[in-house]
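Indexing begins at 1, ligand by ligand and atom by atom, following the structure's order.
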Amino acid sequence: MLDTLPPVTFDAALGLAILRTPHTRYVVRIGSDGSPRHLYWGRPLDDAVLARLPEPASPAASSFEADAAADELAPQSGARFGPAGLQVRFGDGTRGVQWRFAGATVDGGELRLRLDDRRRPLRAELCYRVRPDSDVVERWTELTHTAPEAATDSEPGSEPGSASVSVSGSVSGSGSGSGRDTGPALPVTVERLDSASWTAPALADYRLSHLVGGWNSEFQLRGDRLPVAETVLTSRRGLTGHHANPWLALDDGTATEERGEVWSTALAWSGSWRVTVHRDPVGRTTWTGGFGHEGLGWTLRPGETLRTPVYAGLYTPDGFGAASRGWHAYVRRHVLPEPGRDRPVLYNSWEATGFDVDQDGQMRLARLAAGLGAELFVLDDGWFGARRDDGAGLGDWTPRPEAFPGGLGPLADEVHRLGMDFGLWVEPEMVNRDSELYRAHPDWVLHSPELDATELRNQLVLNFARPEVADWAWRTLDGLVRENRVDWLKWDANRAFTEAGWAGHPDPDRLWIDHTRAVYRIMDRLRAAHPGLRIEACAGGGGRADLGILARTDQVWVSDNTDPVDRIGIQDGFSRLYPAQAMASWVTDSPNTTTGRRTPLRFRFHVAMAGALGIGGNLTEWTEEELAEAARFVAQYKSVRPLVQHGIQHRLGPAGPVGAAIAASAVTAVHYAAPDGGDHVVLAWRPTTRYGHAAAPVRLPALDPAAHYLDPDLDEVHSGAVLVHRGLDLRLPAGDHASRLIRLRRVTPS
Ligand code: GLA
């Protein structure tokens, strides 16, 4: 169908916009009141059928309207009483806008619906983008104050040409809403500007799947029946957050891994965010989301445009597994900067040496890591300034002379000589009070003079919205990378924002957006200035994992909890949206430094091999046998790496309701298939077992029942039909912490 139909069409007579992805349709209709309203999102329907669907009733028409359709971005006017996607306050105190539809632009896969306020100089463009190789619909909003820019209004502290608020010359004067009745143009206060509002069709019931957690327990999947209420998922922390992730999925409560309709969305933003899901008493469910949390406001000045991050949505009729695979493919094709590059097997010294780093100790670890087959050596916290613990030094990014008398050069050279890349931990957005940087620039931190500043991990947050701070960070990082031949940065952020003021600035809440924009800009600039440089996103473990950060990093450190038993659930949650190649996973010591649990090396490796493998144990204490065993696992990982990092992922259990905690006695397995279906690897784990409860065979529904598959390690050939319908005998070893890696290759039976 797509061969003949363009990806986007707009029928001006009907006010009907149809977005076509390979397997879905997303349809919007402009209401007779000028507001774009949701019409359809699901399997393809004929254009003629879509054109005959009745115009959705306006929610603004009557306060007692029961079945009104949802706005694509509710503007807080008329009889709309649900969560608004756009909340503005004009200079005279008036709230809310009333739209006049000002036209649509279609450009390939991109659609823009232009909406002008009927009286005020305010324009919103609702933007949509679809691509030929994905069912994901990308949406964002651009809000422009269309009065001419005031020549004399310069804003102290604001950055010229900032990415978040740009002067737009192209819109003023077009459309009717340019300054009538307003007198001199006043700024508009934006209290909420969502990227998009989404609508699910009427279903018998609604289940909300989402990710919750905390430090050391990120990405815990929940599947909760959606109450008839407004449910808010949010971060007020200035970071994406450990406690929630801006992803959600809705289904009718019956979808499984392989079956059922699922509507899911993900916001590409790494600062504070909010998504409000509204199930109303007549059964309609909508959700609206974007950057910022409640209570923040941004001033939009004449001539300025505020552009939101992308909020992406995906419909799939084939269950949660297909939804995740759709997201993984999208992240690889359209989000990650270098999806085709193998993620290296890394060694990181944090759990081994903590803050107690020095050149000799790190070189010793580097030699041991190289002996295991590691391809990247990452020097973690403790190498700089007066850093001996977490009480001092953050902000002073020069090597600590007692630890690194010749700077980092000798270590970088040794790491390179050993054939590995050299990686460095940094936490550029943070500062200890006990640092040269803070002593020189106490005003650079987020603060309010009238409030005591909360210290978390003895640190404060630098205000990257200030141009001079962002510029300092860029120069510092650029110099570090250049001078020390750094191939990899682990970019950490170990605290949330508090008392986030900007003394003396007329529009201080702007920092909540501009800080994140500055982080993005610096990362982008570092990558551009240093081709080949890779960046790992980290925020006290997995506190900053989202589609926004993944657009400029290669992988995410998903949790400081490296216990493989806990990690199985964390990795399962992460896989809902993010692909395995973006999931950093380490093998560390036993007993585990966080949980104290003892697990065999084999189990630790098998769990970590499900993502981008790393090693983080104290290798100086590993026995010769352990080092040799580890080297064999690293070599085995490299042989299956193309499948894990570039293959197609299928979660194989455990069976049970979405969001139920994975029982310790359950077998969990993940299957990675080559895109051509030739090679496969299955990683299976069972943390514990009960006497007499042998693991049942695990079905591999993604295999071809007509084919045969060779297990080259056991030299056995399996019928595809048996593997699909009856299942693979995992032959897990007896006892706790059992695991296996099974390779399969499609063969022609002789
Ligand atoms: C955070 C990170 C860890 C480590 C420490 C260093 O907690 O998540 O991996 O880098 O900081 O202080």
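We find that Arg495 and Glu455 are not joined by a salt bridge, their nearest charged nitrogen and carboxylate oxygen being 4.0 Å or further apart. Comment: Arg544 does not engage Asp492 in a salt bridge, judged by the lack of any side-chain N to carboxylate O separation of less than 4.0 angstrom. Glu375 has a carboxylate O that lies under 4.0 Å from a charged side-chain N of Arg641, or vice versa, which qualifies the two as a salt bridge.
Atom 1 (C) of ligand 1 has Asp492 OD2, 2.9 Å as its closest protein atom, hydrogens excluded (heavy atom only).
Each of the following atoms of ligand 1 lies closer than 4.0 Å to a heavy atom of Cys538: 2 (C), 8 (O). Atoms of ligand 1 found under 4.0 Å from any heavy atom of Asp380 (numbered from 1 in listed order, with element): 4 (C), 6 (C), 10 (O). Close contacts between ligand 1 and Asn494 involve ligand atoms 1 (C), 7 (O), 11 (O) [criterion: under 4.0 Å to a heavy atom]. Each of the atoms 8 (O), 9 (O) of ligand 1 lies under 4.0 Å from some heavy atom of Trp557. With ligand atoms numbered from 1 in the order given, ligand 1 contributes 8 (O) to contacts under 4.0 Å with heavy atoms of Gly541. Those atoms of ligand 1 that come under 4.0 Å of a heavy atom in Lys490, given as number and element, are 3 (C), 4 (C), 9 (O), 10 (O).
Heavy atoms of Asp390 found under 4.0 angstrom from ligand 1: none, in either backbone or side chain. Of the heavy atoms in Asn348, none comes closer than 4.0 Å to ligand 1.
With Asp356 as the partner, the salt bridge (Lys or Arg N to Asp or Glu O under 4.0 Å) test is satisfied by one option alone out of Arg400, Arg388, Arg387: Arg388.
Residue contact annotation: Arg457 has a non-hydrogen atom under 4.0 Å from ligand 1.
Here the side chains of His515 and Glu429 are in contact, with some heavy-atom distance below 4.5 Å.
The heavy atom nearest to atom 12 (O) of ligand 1, out of those in Asp381, Asp560, Thr562, is found in Asp381.
Listed by first and then second residue, the ring-ring contact (aromatic ring centres under 6.0 Å, His included) pairs that reach into residues 548-574 are Phe219-Phe574, Trp557-Trp586, Phe574-Tyr578, sequence neighbours excluded.
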